[in-house]
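Owing to the predicted nature of the structure, the values given are computational and were not obtained by experimental measurement.
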Amino acid sequence: MESLSIVVVYHPNCRASTDFLIKVSKLTAADIEYINIKDDKIDTDLNIDVVPLMIINNDENSIFKGE
C-alpha cells in the first residue's frame, strides 16, 4: 500500500488555515509537508489563490481548496 503524502499550503494570519493545520497535524498515517505562503517560496505552476490548500499524493486531480 502506498503511503499518503499531503502538502498543505497555508497563511499564518488566516484563521481557516490555522484551524486546518490543527486538524491535519493529528494525522499519523501520512507524510505531511507544510508550506507557509507568507514566508516560503513555491516553485509551482499551480494557481494558489485560496488558502488553506491541500494536495494529496502530488496529484493535480486531488487538490482541495478552502473557501
Please list all pairs passing the side-chain hydrogen bond (donor to acceptor under 3.5 Å, both in side chains) test where one or both residues lie in residues 13-26, with sequence neighbours left out. Arg15-Asp19

Can you name the residues that form a side-chain contact (heavy atoms from CB on, under 4.5 Å) with Asp59, not counting sequence neighbours? Asn61, Ser62

Mind checking what makes side-chain contact (heavy atoms from CB on, under 4.5 Å) contact with Asp31, not counting sequence neighbours? none

Identify whether Phe64 and Val50 are in the same connected component of the hydrophobic contact network (ILVMFWY, side-chain heavy atoms under 4.5 Å). no

Give every residue pair that meets the salt bridge (charged side-chain N to carboxylate O under 4.0 Å, His left out) criterion with at least one member in residues 33-47, sequence neighbours excluded. none

Among all residues two or more places apart in sequence or in another chain, which pass the side-chain hydrogen bond (donor to acceptor under 3.5 Å, both in side chains) test with Asn58? none

Quick one: closest heavy-atom pair of Pro12 and Asn36, and the distance? CD-OD1, 3.1 Å

Identify, with sequence neighbours excluded, every residue that meets salt bridge (charged side-chain N to carboxylate O under 4.0 Å, His left out) alongside Asp49. Lys65

Remaining members of Ile42's ILVMFWY cluster at a side-chain heavy-atom cut-off under 4.5 Å? Val7, Val9, Ile35, Ile37, Leu46, Ile48, Val51, Leu53, Ile55, Ile63

Of all the heavy-atom pairs spanning Ala30 and Ile6, show the shortest one and how long it is. CB-CD1, 4.0 Å

What verdict does the side-chain contact (heavy atoms from CB on, under 4.5 Å) test give for Tyr10 and Phe20, after you've listed the backbone C-alpha separation in whole Å, the side-chain angles of each residue and the deciding distance to 0.1 Å? CA-CA 9 Å; Tyr10 70 96; Phe20 186 68; over 6 Å; no

